[in-house]
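Report on one structure; see the data block that follows.
Keep in mind that this is a model prediction, so the values were computed, not measured. Below, each value reflects all heavy atoms present in this structure, side chains not excepted, and no hydrogens, waters or symmetry copies.
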Amino acid sequence: MNKSLKIRDLTLRDGQQSLFATRMNQAQVNETLDLFSKAGFYAMEVWGGAVPDSVMRYLGEDPWERLGKIKKVIGNNSKLTALSRGRNLFGYNPYPSSVIEGFNRNAIQGGIDIMRIFDALNDTDNMTYTIKVVKENGGLADCAVCYTVDPKFTWKQRFKSTLKGKKLPAKIFNIDYFVNKAIQLEKAGADMISVKDMAGLVPPRLAGKLVESLKNAVKVPIDFHTHCTPGYGVASSLMAILHGADILDTAIVPFAGGPAAPPYEIMYIFAKKLGIKMDGNPEIILQISDKLFQIKKELSNLDNYKEKFSKKIDIVNMSFPKEIDELFDKAIAAAKADNEEELLANVHKIEEFFDFPAPNEMVKNAEIPGGMYTNMLAQLKTANLSHLVSKVLETVPEVRVSAGCPPLVTPTSQIVGSQAVNCVVNRSKDLPPFTNPSVQYANLVKGKYGKTPIPVDPDFREQICGVREEIPFEESDYVRPENLPLPEFNGEKIAQSERDMLLLELFPAVAKPFLTARLQLKYDKIKSEEAERYRKARAEYEAMTPEQKTARLMEGLYQYPWISEF
């Protein structure tokens, strides 16, 4: 256990994305920045993820401007961090080196200090070029190993597989798997390694063992990142601290818990009791919490947990009922004794007292990300087949293993989930399950996304893609979006800078209308200014005597061509 703990605050990116669909506008962000600049966090995650897409799509704001405004206030008081998906960056398709280089260079020049890089397949080859570019531009490469679990098959599925002579995989994602990935990333130049548990599926005991194993295997700092959806988040974070995590990802109370990260305030209380010096100024964080509670009310229409409006946790006075204070001590004792059941029981009572959402038992039992589950439900509802959800959950492992058993993280979680729904819908129509597979699923099977954890059966690849051999992504496959002159804007192009062009390449469906609307505003303003200039000139001219008008005309129609209109 370290005697000091660095904190990466997730409030302005992961926190608002997990709880409020990334809808904090710039004005709301600005309300918090002066305080955040004094909060004393090692780092703040403020960009990447869904931020660039959402601020354009829903708020009509420029993501590059958002980053610049945050950097201007925060300065060097905390390192600013962003999240990107290696070769995929933000899209569902791989990008060529030119786009990867341009994005990372501009992000770092725009204010990002740490780029958290991950790959949906944990394919380290997909991350190496990004690591190189980030470091060449003066940034820190935070390389994430995505935590995932082995597929859960029913005994019936295993029996059927045995009858067909095909053995289903047993253990793939054990501790050695994650440690080996971390070793590869350290060799590739990682400045730190993050355990990225996006679905919150790592249970406490395993969290402790994993962090300890990573600390023994690599020399760079270890960051622990998890979510609270299935109820493990706080307990697993405590175990990660006890086993030597150098950095912990948290969010401030109003933007924490449920599908979001563990609350800073609860982890602060644990650290205090353990004698660990943890980042953060409690008095400032309390003030930020007050601001965030107000913003949470403003975003209430997007809040799925309105009935659980978490309580303010006063970490300045630390005055809690005796029985709650004792729960923290009992949780620590259980964690040190490696008693996972007792640890979780005490932590859940603490969370209940502070009105955080209860564990999501569905996500816990199905062991899939919450977002993946809700997307599958939405697809089934659209097809009027909601009653088949259990069939879909049974089908997910089959679809996943057939595609090489990818980790369930964006975008592969959505690709696998959507295909599982398609398979069940096809079966309901007496069609073969993989009738008309999605383009993304076919590309995953083909090898366009990279190396999968286990090989894809060549027979299955031929069935889905028409080829038996793996076909990786080639940069020549990439089709760059056109940036044509627009006649309605005097031939100006929609993307007027490298950063605009990057938005167009990374988010074509969203950036095009956003950039067009911005260009329209520019021309509306020009027209408005021209109209005002014309109005003033006409008023001035009409107020003149005939002699003055003649003199003005004699000054030269070339200098004042609009005079000829009078």
Checklist entry - Taking atom CG of Leu408 and atom OG1 of Thr148, what is their separation to the nearest 0.5 Å? => result 4.5 Å
Next on the checklist: I'd like to know whether NZ of Lys272 has more than 12 heavy-atom contacts from other residues, nucleotides or ligands below 6.0 angstrom.
Outcome noted: no
Checklist outcome for this item: Here the gap from Met192 atom CE to Ile114 atom CD1, rounded to the nearest 0.5 Å, amounts to 4.0 Å
Checklist entry - Taking all non-hydrogen atoms of both residues, which atom of Phe20 and which atom of Pro254 are closest, and how far apart? => result CZ-O, 4.0 Å
Checklist entry - Ignoring hydrogens and geometry, is there a side-chain-to-backbone donor-acceptor pair from Glu186 to Lys219 under 3.5 Å? => result yes
Checklist entry - Can you name the one residue among Met44, Met278, Met267 that meets side-chain contact (heavy atoms from CB on, under 4.5 Å) with Ile7? => result Met278
Checklist entry - Quick one: does Ser194's side chain have a donor or acceptor within less than 3.5 Å of a partner on Cys143's backbone? => result no
Checklist entry - Do the charged groups of Arg8 and Asp223 touch, with an N to O distance under 4.0 Å? => result yes
Item to check | Which atom of Ile100 lies closest to which atom of Tyr95, heavy atoms considered | outcome: CD1-O, 3.6 Å
Next on the checklist: Quick one: does any side-chain atom of Asn122 pair with a main-chain N or O of Cys146 as donor and acceptor, under 3.5 Å?
Outcome noted: yes
Checklist entry - Is the Tyr264 ring parallel, tilted or perpendicular to the Phe41 ring (thresholds 30°, 60°)? => result perpendicular
Next on the checklist: side chain to side chain contact (heavy atoms under 4.5 Å, CB included) for Lys196 and Leu83? Distances and angles first, verdict last.
Outcome noted: CA-CA 11 Å; Lys196 181 172 164 50; Leu83 176 72; 4.2 Å; yes
Next on the checklist: Please check: side-chain N/O of His348 versus main-chain N/O of Gly231, any donor-acceptor pairing under 3.5 Å?
Outcome noted: yes
Checklist entry - Within a radius of less than 6.0 Å around NZ of Lys79, do more than 12 heavy atoms belonging to other residues, nucleotides or ligands occur? => result no
Next on the checklist: Would you say that Ile288 contacts Ile284 through its side chain, given a criterion of any heavy-atom pair below 4.5 Å between the two side chains?
Outcome noted: yes
Checklist entry - For the side chain of Asp303 and the backbone of Leu299, is there at least one donor-acceptor N/O pair under 3.5 Å apart? => result no
Item to check | Polar side chain donor-acceptor pair, Gln294 to Asp290, under 3.5 angstrom | outcome: no
Next on the checklist: Any salt bridge linking Asp249 with Lys6? Criterion: basic side-chain nitrogen under 4.0 Å from a carboxylate oxygen.
Outcome noted: no
Next on the checklist: Using every non-hydrogen atom in the two residues, find where Ser236 and Pro204 come nearest and quote the distance to one decimal.
Outcome noted: OG-N, 3.1 Å
Item to check | More than 12 heavy atoms of other groups within 6.0 Å of Glu298 CD | outcome: yes
Next on the checklist: Any salt bridge linking Asp338 with Arg205? Criterion: basic side-chain nitrogen under 4.0 Å from a carboxylate oxygen.
Outcome noted: yes
Checklist entry - Are side-chain heavy atoms of Val55 and Arg23 found at a separation under 4.5 Å? => result no
Next on the checklist: If you define the side chain from C-beta out and look only at heavy atoms, does anything of Val409 sit under 4.5 Å from Pro369?
Outcome noted: no
Next on the checklist: Looking at Gln414 and Thr410, would you say the former's side chain and the latter's main chain have a donor-acceptor pair under 3.5 Å?
Outcome noted: no
Checklist entry - Can you tell me how far the CG atom of Asp150 sits from the CG atom of Asn174, to the nearest 0.5 Å? => result 7.5 Å
Item to check | Under-4.0 Å salt bridge between Lys273 and Asp325 | outcome: yes
Checklist entry - Looking at Val396 and Ala420, what are the two nearest heavy atoms and their distance? => result CG2-CB, 3.8 Å
Checklist entry - Would you say Asn2's side chain and Gly244's backbone share a donor-acceptor pair under 3.5 angstrom? => result yes
Next on the checklist: Donor-acceptor check, side chain of Arg400 to backbone of Val416, threshold 3.5 angstrom: yes or no?
Outcome noted: no
Checklist outcome for this item: One should read off an interatomic distance between Asp279 CG and Ile247 CD1, to the nearest 0.5 angstrom, of 9.0 Å
Item to check | Gap between atom OG of Ser37 and atom NZ of Lys72 - 0.5 Å precision | outcome: 13.5 Å
Next on the checklist: Can you classify the ring geometry of Phe90 versus Trp47 as parallel (below 30°), tilted (30 to 60°) or perpendicular (above 60°)?
Outcome noted: perpendicular
Checklist entry - Just wondering, more than 12 heavy atoms not from Lys451 lying within 6.0 Å of its NZ? => result no
Item to check | Heavy-atom side-chain contact between Leu35 and Lys291 under 4.5 Å | outcome: yes
Item to check | Pair Ser319-Asn317, side-chain donor/acceptor within less than 3.5 Å | outcome: no
Checklist entry - Taking the six-membered ring of Phe255, is the NZ or CZ of Lys296 close enough (under 6.0 Å from the centre) and on axis enough (within 45°)? => result no
Checklist entry - Under 4.0 Å between a Lys/Arg side-chain N and an Asp/Glu carboxylate O for Asp142 and Arg116? => result yes
Next on the checklist: Just so I know, are the side chains of Thr452 and Cys405 near enough to count as touching, which here means a heavy-atom distance under 4.5 Å?
Outcome noted: no
Checklist entry - If every non-hydrogen atom of Ala50 is compared with every non-hydrogen atom of Gln17, which pair is closest and at what distance? => result N-OE1, 2.9 Å
Item to check | Flag if over 12 foreign heavy atoms under 6.0 Å of CG, Asn76 | outcome: no
Checklist entry - Do Arg87 and Asp123 meet the salt-bridge criterion of a basic N to acidic O distance under 4.0 Å? => result no
Checklist entry - In chain order, what residues pass the ring-ring contact (aromatic ring centres under 6.0 Å, His included) check against Tyr147, with sequence neighbours excluded? => result Phe178
Item to check | Side-chain donor-acceptor pair present, Thr22, Gln16, cut-off under 3.5 Å | outcome: no
Item to check | Residue pair Ile269, Phe320: steps toward the side chain to side chain contact (heavy atoms under 4.5 Å, CB included) verdict | outcome: CA-CA 11 Å; Ile269 296 168; Phe320 310 114; 3.6 Å; yes
Checklist entry - Under 4.5 Å between any side-chain heavy atoms of Phe36 and Ile252, yes or no? => result yes
Checklist entry - Any ring pair (Phe, Tyr, Trp, His ring centres under 6.0 Å) pairs touching residues 193-223, not counting sequence neighbours? => result none
Checklist entry - So how far is it from Gln287 CD to Leu292 CG, rounded to the nearest 0.5 Å? => result 12.0 Å
Next on the checklist: How about CD on Glu341, more than 12 heavy atoms from neighbouring residues, nucleotides or ligands closer than 6.0 Å, or not?
Outcome noted: no
Next on the checklist: The test is side chain to side chain contact (heavy atoms under 4.5 Å, CB included); show your working for Phe354 and Lys312 and say whether it passes.
Outcome noted: CA-CA 8 Å; Phe354 289 114; Lys312 179 177 178 179; over 6 Å; no
Next on the checklist: Does any part of the side chain of Tyr232, heavy atoms only, come nearer than 4.5 Å to the side chain of Leu201, both counted from C-beta?
Outcome noted: no
Checklist entry - Are the side chain of Asp197 and the backbone of Thr226 linked by a donor-acceptor contact shorter than 3.5 Å? => result no
Checklist entry - Do Glu212 side-chain atoms and Lys209 backbone N/O form a donor-acceptor pair below 3.5 Å? => result no
Checklist entry - Is there a side chain to side chain contact (heavy atoms under 4.5 Å, CB included) between Ile266 and Ile313 once you walk through the steps? => result CA-CA 8 Å; Ile266 286 180; Ile313 303 179; 3.8 Å; yes
Item to check | Sub-4.5 Å side-chain heavy-atom contact between Phe353 and Lys349 | outcome: no
